Amino acid sequence: MGRKTWFDDDGMKKGEWTAEEDEKLIAYINEHGMCDWRSIPKRAVGLRRCGKSCRLRWLNYLRPGIKRGKFTPQEEEKIIKLHAVLGNRWASIAKHMENRTDNDIKNHWNSCLKKKLSRNGIDPMTHEPINNNLTVTTTYVECGSSSTTTGPTTESHCSSAPSGSACLLNKLAAGSVKSLRRPC
DNA sequence: AAGGAGGCCAACCGCAGAGTC
DNA sequence: AGACTCTGCGGTTGGCCTCCT
């Protein structure tokens with residue numbers, strides 16, 4: 001898979017990453033840490049990639065502990081619940097998902113979950129029934145398992161979130177928890 | 001078996017926010 | 001205070017894969 005390889009005006013390589021480039025990036029980050037992405041093309045010998053591209057590759061693919069592959073029904077349900085609270089804030093949602101990247105979650109939402117909710121008569125953006133009833137009956141059917149939550153539309157979806165996350169979700173929804181830029 | 005359609009996923013682009021000068 | 005730089009995020013695209021006809 002991946003895109004064709006090409007070079008931009010600054011001579012930076014674009015497109016699919018090779019195993020060799022991956023190794024160079026991993027070696028560089030192991031040695032210097034994740035500081036100053038912009039300087040990577042200058043300091044990492046033989047890696048002609050812009051800092052942005054390096055960061056994306058590291059965070060979405062090379063970072064240790066990343067979970068790849070199919071989403072479990074539990075994960076899908078959690079994403080739906082988090083999305084109901086946080087909206088399209090994929091980075092925030094990813095922080096509550098174990099070892100899943102925002103890109104992964106976003107891709108799965110756009111390609112799969114959104115359609116499933118629509119098929120079940122749920123507006124994927126508002127998480128309310130498309131027929132606009134006062135009572136929400138949401139049935140998540142995925143990979144042989146299902147769960148149903150029923151309640152008035154005015155009630156926060158946090159109430160049905162797994163124990164422990166509801167409080168944080170409420171804080172996030174209220175904006176009291178802010179993502180902070182990590183110092184180098 | 002072949003071709004088309006849709007699914008899936010890696011990667012790019014543009015913008016917004018935070019930090020620095 | 002304002003301009004500039006850098007990073008992070010969300011939206012979108014491109015291309016391979018898989019399934020269906």
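Proteins get letters first, then strands, A, B, ... in listed order; numbering begins at 1 in each. This is a predicted model, so every value here is computed, not measured.
Close to dC12(B), at under 4.0 Å from its OP1 or OP2, lies no side-chain N or O of Arg57(A). A close approach under 4.0 Å does occur between a side-chain nitrogen or oxygen of Arg49(A) and OP1 or OP2 of dC12(B). Between dG6(B) and Ser111(A), no contact under 4.0 Å exists linking OP1 or OP2 to a side-chain N or O. The phosphate of dA11(B) (OP1 or OP2) has no side-chain N or O of Asn103(A) nearer than 4.0 angstrom. Remark: Lys70(A) is not in phosphate contact with dC8(B), judged by side-chain N or O atoms under 4.0 Å from OP1 or OP2. Proximity of Trp109(A) to the phosphate of dG10(C): no side-chain N or O atom is located under 4.0 Å from OP1 or OP2. OP1 or OP2 of dA11(B) has not a single side-chain nitrogen or oxygen of Lys4(A) nearer than 4.0 Å.
With a 4.5 Å cut-off on side-chain heavy atoms, Arg89(A) and Leu82(A) do not count as touching. Residues Glu75(A) and Thr72(A) are in side-chain contact: their nearest non-hydrogen atoms beyond the backbone lie under 4.5 Å apart.
In terms of the side chain to side chain contact (heavy atoms under 4.5 Å, CB included) criterion, residue partners of Pro41(A) (sequence neighbours excluded) are, by chain and number, Met12(A). Glu20(A) pairs by the salt bridge (Lys or Arg N to Asp or Glu O under 4.0 Å) definition with Lys24(A), not counting sequence neighbours. Residues that satisfy the salt bridge (Lys or Arg N to Asp or Glu O under 4.0 Å) test with Arg55(A), not counting sequence neighbours, are absent from this structure. For Lys13(A), the side chain to side chain contact (heavy atoms under 4.5 Å, CB included) test picks out Thr5(A), Phe7(A), Thr18(A), Glu21(A), Arg49(A), with sequence neighbours left out.
Remark: Cys50(A) SG to Asp10(A) CG distance equals 9.0 Å, nearest 0.5 Å.
In this entry the distance linking CG of Leu86(A) with C1' of dG10(C) reads 14 Å, nearest Å. For the pair Trp37(A) CH2 and dG8(C) C1', the computed distance is 11 Å after rounding to whole Å. Distance CD (Glu21(A)) to C1' (dA10(B)): 14 Å, rounded to an integer number of Å. In this structure, CG of Asp102(A) is placed 13 Å from C1' of dA10(B), rounded to the nearest angstrom. Per the geometry, CZ belonging to Arg63(A) stands 13 Å off P belonging to dA10(B), to the nearest Å. For the pair Trp17(A) CH2 and dC9(B) C1', the computed distance is 17 Å after rounding to whole Å. Rounded to an integer number of Å, the gap from Lys14(A) NZ to dC13(B) C1' is 8 Å. Counting to the nearest Å, the P atom of dC9(C) and the CG atom of Asn60(A) are 10 Å from each other.
Within 4.0 Å of Lys106(A), counting heavy atoms only, lies at least one base atom of the nucleic acid. Using a 4.0 Å heavy-atom criterion, one finds that Gly51(A) contacts no nucleic acid atom at all. Lys13(A) comes within contact range of no nucleotide atom at all, as no heavy-atom separation falls under 4.0 Å. Among the atoms of the strands shown, base atoms are found under 4.0 Å from some heavy atom of Asn110(A). Across all strands shown, Trp6(A) has heavy atoms under 4.0 Å from sugar-phosphate atoms exclusively, and none from any base.
Distance from the side chain of Arg55(A) is smallest for dG8(C) among the nucleotides dG8(C), dC9(B), dC12(B). Checking dG11(C), dT7(C), dG15(C) against the side-chain heavy atoms of Asn88(A) singles out dG11(C) as nearest. Of all nucleotides listed (dT7(C), dC13(B), dT12(C)), dT7(C) comes nearest to the side chain of Arg38(A). Taking every side-chain heavy atom of Lys52(A) into account, dG8(C) is the closest of dA11(B), dG8(C), dG11(C).
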Below 3.5 Å, can you tabulate the donor-acceptor pairs from side chains in residues 58-65 of chain A to any protein atom, sequence neighbours excluded?
unit_1	atom_1	unit_2	atom_2	d
Arg63(A)	NE	Leu59(A)	O	3.2
Arg63(A)	NH2	Leu59(A)	O	3.1

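The end-to-end axis angle of the helix from dA2(B)-dT21(C) to dC21(B)-dG2(C), rounded to 10 degrees and based on five pairs per end, is 0°.
For the pair Arg100(A) and Phe71(A), the cation-pi test (distance below 6.0 Å, angle within 45°) is passed.
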